[in-house]
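Encoded as structure tokens, the structure appears first; notes follow it.
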Amino acid sequence: MEKMETHEQLNRSMKKRHLFMLSLGGVIGTGLFLNAGFTINQAGAGGAIIGYLIGGLILYMVMVCLGELAVHMPVTGSFQKYAAKYIGPSAGFSLGWMYFVGSAATAGVEFTAAGMIMKHWFPHTPVWIWCAAFIVLLFTLNALTTKGFAEAEYWFAGIKVVAVVAFILIGIAGIFGFIPLSDRSTPFMTNLAPTGLFPAGIAIVFVTMMNVIFSYQGSELIGIAAGESEEPEKNIPKAIRNVLFRIIVFYISSIIILSAIFPASELGLLESPFVTLMKIAGVPYAAGIMNFIILTAILSVGNSCLYASTRLLWSMAHDGMAPRVFGKLTKRKVPLNALIFTISFSLLSLLTSFIAADTVFVLLMSIAGISVTISWMGIALSQYMFRRKFLKGGGKLTDLKYKVPLYPIVPLFCFGFCFFILIFLAFDPTQRLGVFYGVGFLIACVLFYKFKLAKKVVKKEEEFTEQTIVQISEQES
């Protein structure tokens, strides 16, 4: 193991193209290739389309809130630091650990999904063995330099984008009869007839919002990576605009195409509907090619989640909100101790050794979705508090290089809608336990900070202030 170095900063080695593809690649993965079919199965075509449109609106609000904060204060760990600074230290501590657990759990989801995909080639090999193999692979990749990681993610994300575009084009051709779909008749838009849009009722849309939010998770990587990106004041707004447009187009287009071709009852988790479509469209070696692309996409998202969790933990360690050992860097400027701790959470995917893989998938997805919902609430509230304090302190709107439109409506609506989702899910028996655990963990974090860490953090800040004063005095003398 390389010698550790403390008191060093991460390199700003991410270029604009890295930042854009990192955030885009963090979203196009399991949430699209596997979870989209599951959501359509649960909510019907109409419910899925409305759910993803609502999720897209909330995502837009979260991203512009995060954009204003990240451009004004581009630091690694971003929204955890913003919550600590503008809401309160206990909020920063709680949201940081909530997002860490959710992001690390998402990595576990990706490993589980990757193991399920491998059943296509190795049907008799247990899923947990592949989970373990992919954990080792991504740990090794994340232990390299940030630039190497970013470059790898850039190309992985590029493969995913090309695959989704190809799927959309083939799907459109299949819907209107330009390509025959095996023994099926040309579907046109008959499966999207009004009578079949909401087979389980309109209320199911809110129940499946956890699936939708899980699918969109990863966009906030733009903020986490701000501390390692070049020219954040220019690159972050561009990345936000591009990512929002492409994500919503990719997701909504895919949902409409899948819903038009397949009845909701045919879709689920066991096989990606993307693979099924390529098969019936007669694409040569469709199953093998598409499964490989999906596998690459899934591992890419897992890679991004490990990156986000590791950097967040490193940032919190420097603020006294996580053990100091996680704040150390290797000579390559990689927070290896934080990475080791993060990867240990992904071992939850090994539960597939004695629990059905699809059950583990849904469990981890629920944990991740709830933690991200609470994190999004924290981002919206942080921006609301920041703007208030900024203007009260004499700041002018013209001084902000990136501004949230329609303030304060956007952050307050975003916060309120996410809160409504959590309340609604508390009345759903299939989601209730996950909500209680998520909110309970958040409350436990707040109490732990208040009674265990608050005095230590204040003392550390006072020592830092005293050291700064002494250094300034020495320089002046």
Side-chain angles (χ1 to χ4, degrees), residues 26-27 29-31 35 55 58-59 62 65-66 77-84 87 90-112 208-221 223-224 301-302 304-313 315-316 321-322 341-342 344-349 360-382 414-415 417-426 428 430-449:
V27 177
T30 305
N35 195 42
I58 301 303
L59 174 65
V62 171
C65 288
L66 181 58
S78 70
F79 57 82
Q80 178 270 326
K81 285 185 176 290
Y82 306 146
I87 303 176
S90 61
F93 174 82
S94 305
L95 287 174
W97 280 104
M98 277 294 298
Y99 188 82
F100 171 83
V101 170
S103 187
T106 301
V109 172
E110 306 305 323
F111 293 133
T112 304
T208 58
M209 282 306 295
M210 276 300 101
N211 302 339
V212 174
I213 290 175
F214 167 79
S215 298
Y216 285 148
Q217 178 188 4
S219 305
E220 62 282 342
L221 279 173
I224 291 178
V301 175
S304 298
C305 289
L306 291 180
Y307 169 85
S309 303
T310 300
R311 267 53 181 184
L312 183 61
L313 190 58
S315 176
M316 292 175 68
M321 295 185 177
F341 183 73
T342 301
S344 67
F345 271 77
S346 300
L347 297 178
L348 287 171
S349 62
V360 174
F361 179 92
V362 173
L363 172 65
L364 293 178
M365 185 175 65
S366 177
I367 293 171
I370 290 168
S371 67
V372 171
T373 303
I374 295 174
S375 298
W376 284 7
M377 291 169 65
I379 291 172
L381 186 58
S382 295
C414 179
F415 181 90
F417 190 83
C418 289
F419 183 76
F420 168 75
I421 290 174
L422 292 178
I423 295 297
F424 187 90
L425 292 181
D428 176 53
T430 62
Q431 301 272 6
R432 184 180 300 138
L433 194 60
V435 174
F436 288 166
Y437 278 141
V439 174
F441 180 74
L442 181 69
I443 294 172
C445 286
V446 172
L447 294 176
F448 181 84
Y449 181 86

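Only heavy atoms go into these numbers, but all of them, side chains included; no hydrogens, no water, no symmetry mates.
Counting heavy atoms from C-beta outward, Ile87 and Tyr82 have side chains that stay 4.5 Å or more apart. In this structure the side chain of Cys445 reaches within 4.5 angstrom of the side chain of Phe93, judged on heavy atoms. Two residues are said to be in side-chain contact when any heavy atoms from C-beta on lie closer than 4.5 Å; Gln80 and Tyr99 fail this criterion. Looking at Val212 and Ile58, their side chains never come closer than 4.5 Å, going by heavy atoms from C-beta outward. In this structure, the side chains of Leu59 and Trp376 come closer than 4.5 Å at one or more pairs of heavy atoms. At a threshold of 4.5 Å between non-hydrogen side-chain atoms, the residues Thr342 and Phe100 count as touching.
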Stepwise side-chain contact (heavy atoms from CB on, under 4.5 Å) test for Val435 and Ile423: CA-CA 9 Å; Val435 174; Ile423 295 297; over 6 Å; no
Run the side-chain contact (heavy atoms from CB on, under 4.5 Å) check on Thr373 and Phe419 step by step: do they pass? CA-CA 8 Å; Thr373 303; Phe419 183 76; over 6 Å; no
Verdict with supporting geometry, Trp97 and Leu313, side-chain contact (heavy atoms from CB on, under 4.5 Å): CA-CA 8 Å; Trp97 280 104; Leu313 190 58; 3.6 Å; yes
side-chain contact (heavy atoms from CB on, under 4.5 Å) between Ser94 and Val446: does it pass, once the steps are laid out? CA-CA 6 Å; Ser94 305; Val446 172; 3.1 Å; yes
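Taking each heavy atom of Met98 and Gly438 in turn, the nearest pair found is SD-O, 3.7 Å. Scanning both residues, Ala83 and Gly92, for their nearest heavy atoms gives CB-CA, 3.8 Å.
Here the CE-OG distance, from Met209 to Ser215, works out to 10.0 Å after rounding to the nearest 0.5 Å. For the atom pair CD1 of Ile370 and CD1 of Ile421, the computed distance is 11.0 Å after rounding to the nearest 0.5 Å. One finds the CG atom of Leu95 at 7.0 Å from the OG atom of Ser382 (value rounded to the nearest 0.5 Å). Rounding to the nearest 0.5 angstrom, the gap separating the CG atom in Leu381 from the CD1 atom in Ile379 is 11.0 Å. Between the CE atom of Met321 and the NZ atom of Lys81 there is a distance of 8.5 Å, given to the nearest 0.5 Å.
Considering only residues two or more places apart in sequence or on other chains, Ser103 meets the side-chain hydrogen bond (donor to acceptor under 3.5 Å, both in side chains) condition with Ser309. For Phe415, there are no ring pair (Phe, Tyr, Trp, His ring centres under 6.0 Å) partners, not counting sequence neighbours.
Surrounding OH of Tyr437 are at most 12 heavy atoms belonging to other residues, nucleotides or ligands under 6.0 Å away.
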